[in-house]
Amino acid sequence: MTHPATSQGLWRSARALPSRTPLRIKLIAAVLALVTAALAVISIAGIAFLRGYLLNQADQNLEAAAKANIPLWVEGYFASGRTLPGNGGFSVQWLPEHGKARQVIGEFKFTPLGYPGKMIPGPAVTHGAPWLATQAGQVSDPVTISSWTGHQRWRVISTPQAVSAQSGGVQHGTIVLGLDVTSIYRTINELTIIDLIVSCALLLVLTAVGITVIRRSMRPLIDIERTADAIAAGDLGRRVPERDPRTEVGKLGRSLNVMLAHIEAAFRARMASEEAARSSEEAARRSALNASRSEDRMRQFVADASHELRTPLTAIRGFAEYYRQRGGAGGAGDAAPVTAGEADDGAATGLPTGPMTSPELDRLIERVEGEAKRMGVLVDDMLLLARLDQQRTLDYRTVDLLAIAADALHDARVIAPKRTINLTVGTTDAPLVTGDEVGLRQVVSNLMSNAMTHTPDGTPIEITIKSGALGNGHGPDAAEPAVVLEVTDHGAGLTKEQQEHVFERFYRTDRARTRTAGGTGLGLAIVSAMVSAHHGQVWVDSDPGQGATFGFALPLAPEARAAAESAASD
């Protein structure tokens, strides 16, 4: 026994089956069902028409035979000398009112010459058959019955009659007249089989053709489905393939493409708006961050500059007070005289007392002049950095870096005659660049000064000029031809952290170095800013204990580039 819940589940599954069935399968099934119904109707109608037509001819023959004077054998005697109409195929039987049915005349097949042929079984007629006529002079409707034996089919009619027997008297009974219609039914059966075979073959052909046609017809819908999947995956640029706009699919595709274009435009506009909002927020955040960083750098710069300027100013002020306390040169002037207590203090501290002599005054002035020069250099460096920050126009012209390097080499050898300083040229092309000659001389001078300041006396220094390229870096993957100048020393080298900050303003690798022994901390910052103003690149390569190499690359001048390309083509 099936559980009610299971039956309901099967019923729901059966009801939901059409909604789960693909459209192309529904179309193929519908077409096949309609074709099958049409073939069935045509076959049934054709067979019924042919059957009715053939049996109607047999019925007409039976009626014609029934109207004739049918010869009878009654109780074994021939009652009439007339023969049956036609050339055979008939059967006559006598059903007396009391007694068994007998075949008065057996059915014979006649040859074209009229000789009798083989006798076949007659129709299986029995008393009480519902189709038998019951009133005298009445003819029954034709019916089809089987034979006593075999597979013959007979078309029979009946009529009640009274006949005279040979023994005298009247014999009452029913005459049954039959016609062999086995060939008719055989023809109908064969036609039915042929119809079935032809219908099945036609259904197979129509199935194949229908599947092909429906697949081709459904291809635009499949394209629409794929387009929808691609759009759902994020490809908003996909469109439905264009079809003939006169067809339904073409109209649908065009409408979908217009709708997709509007959706894409709206989505792009929304994305652009969101991106603009994000960009605005990011720009505001970066601006605030840059402003904060700029403010921090400015504060640091002001603090460092104030500290750097305070040192020479303090020294100048101290020298001035010392001069005033000594009463000037020879005690002249409006300076207050040194009291006994001050003199005693001076004697106690070991400082000179009394009016200043001329040699002391000269040394004091030299010290003041030195501090003033140092302060002037610091101010000049800060003014230069300020001009570079403001991106003021430089005096650009064609500059020979080899000449600048040679001058820097000569100056360094004069300043440090005990050092080994060499210049190496690693290119056959003229190292010409477009730039400000004064600024580039300061760049090379600052690199040489940095190398001599931060290495012990006697440490060798090498200057190298070679060909290079600008791009993502100064390596071989760069693209734009350039001139590379490097200054290499053999000092203590730099750590990774020091290399990251070495080009920052007022940065000192040795915080303990005195202001007198060290520089202003702006030399390498000026190098970086000046090279950037010339659209170049600057770098440092160093390892602790292995020395350091400071270098920069500048774009090759147009005339030097043209000469190099001409030489390469030759």
Side-chain angles (χ1 to χ4, degrees), residues 297 301 381-382 384-392 394 396 399-402 404-405 407-409 412 423-427 431-455 461-489 491 493-509 519-543 546-557 560:
R297 286 197 299 268
F301 179 78
D381 289 344
M382 289 192 295
L384 177 58
L385 287 174
R387 286 197 297 268
L388 293 176
D389 290 340
Q390 294 176 359
Q391 298 181 353
R392 293 186 180 180
L394 300 176
Y396 288 103
V399 179
D400 187 356
L401 278 185
L402 180 57
I404 294 177
D407 292 343
L409 173 66
L423 173 61
T424 302
V425 180
T427 177
L432 302 179
V433 297
T434 302
D436 184 87
E437 183 175 358
V438 175
L440 295 179
R441 285 185 178 276
Q442 186 171 3
V443 169
V444 178
S445 175
N446 287 359
L447 292 179
M448 292 296 297
S449 175
N450 180 76
M452 291 187 294
T453 301
H454 300 296
T455 57
I461 298 176
E462 289 88 19
I463 305 174
T464 304
I465 295 179
K466 58 184 178 180
S467 298
L470 286 171
N472 295 330
H474 56 277
D477 58 341
E480 186 178 1
V483 179
V484 176
L485 189 146
E486 294 179 337
V487 176
T488 303
D489 62 61
L494 300 173
T495 64
K496 295 295 183 182
E497 182 181 0
Q498 290 173 342
Q499 294 179 43
E500 293 177 358
H501 302 282
V502 72
F503 290 105
E504 295 180 1
R505 300 176 184 183
F506 296 110
Y507 178 76
R508 292 173 179 270
T509 57
T520 62
L522 297 178
L524 293 180
I526 292 175
V527 170
S528 177
M530 186 64 71
V531 171
S532 298
H534 285 77
H535 308 290
Q537 295 173 346
V538 64
W539 63 89
V540 58
D541 292 330
S542 178
D543 289 317
Q546 302 297 323
T549 298
F550 289 85
F552 65 90
L554 296 178
L556 196 64

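Counting heavy atoms from C-beta outward, I465 and V484 have side chains that stay 4.5 Å or more apart. At a threshold of 4.5 Å between non-hydrogen side-chain atoms, the residues Q442 and I526 count as touching. Between E486 and K466, some side-chain heavy-atom pair lies under the 4.5 Å cut-off. The closest side-chain heavy-atom distance from V527 to V444 is not below 4.5 Å. Residues T549 and V487 are not in side-chain contact: their nearest non-hydrogen atoms beyond the backbone lie 4.5 Å or more apart. Counting only heavy atoms from C-beta outward, the side chains of V433 and L440 approach each other to under 4.5 Å.
In this structure, the side chain of S445 does not engage the main chain of R441 through any donor-acceptor pair within 3.5 Å. Between the side chain of S542 and the backbone N or O of L494, at least one donor-acceptor pair lies under 3.5 Å. Remark: the backbone N or O of T495 is paired with a side-chain donor or acceptor of Q498 at under 3.5 angstrom.
The distance from atom CG of L556 to atom OG1 of T434, rounded to the nearest 0.5 Å, is 8.5 Å. Distance check, rounded to the nearest 0.5 Å: CG of D436 to NE2 of H534 gives 5.5 Å. Atom CG of L401 and atom CG of L485 lie 6.0 Å apart (nearest 0.5 Å). Summarising the geometry, atom CG belonging to L432 is positioned 5.5 Å from atom CG belonging to D400; distances are rounded to the nearest 0.5 Å. Separation of atoms CH2 (W539) and CD (Q499) is listed at 14.0 Å; rounding is to 0.5 Å. Rounding to the nearest 0.5 angstrom, the gap separating the CG atom in D489 from the CG atom in N450 is 7.5 Å.
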*Apply the test side-chain contact (heavy atoms from CB on, under 4.5 Å) to residues M448 and F550: give CA-CA distance (whole Å), side-chain angles for both, the deciding distance (0.1 Å), then the verdict.*
CA-CA 10 Å; M448 292 296 297; F550 289 85; over 6 Å; no
*Would you please test V443 and V531 for side-chain contact (heavy atoms from CB on, under 4.5 Å) and show each step?*
CA-CA 8 Å; V443 169; V531 171; 4.2 Å; yes
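Across P431 and L402, no two heavy atoms sit closer than the pair CG-CB, 3.7 Å. Minimum heavy-atom separation, G536 to L554: CA-CD2, 4.0 Å. Between L470 and A482, the shortest heavy-atom contact is CG-CB, 3.8 Å. When all heavy atoms are compared, the tightest approach of V538 to S528 is CG1-OG, 3.9 Å.
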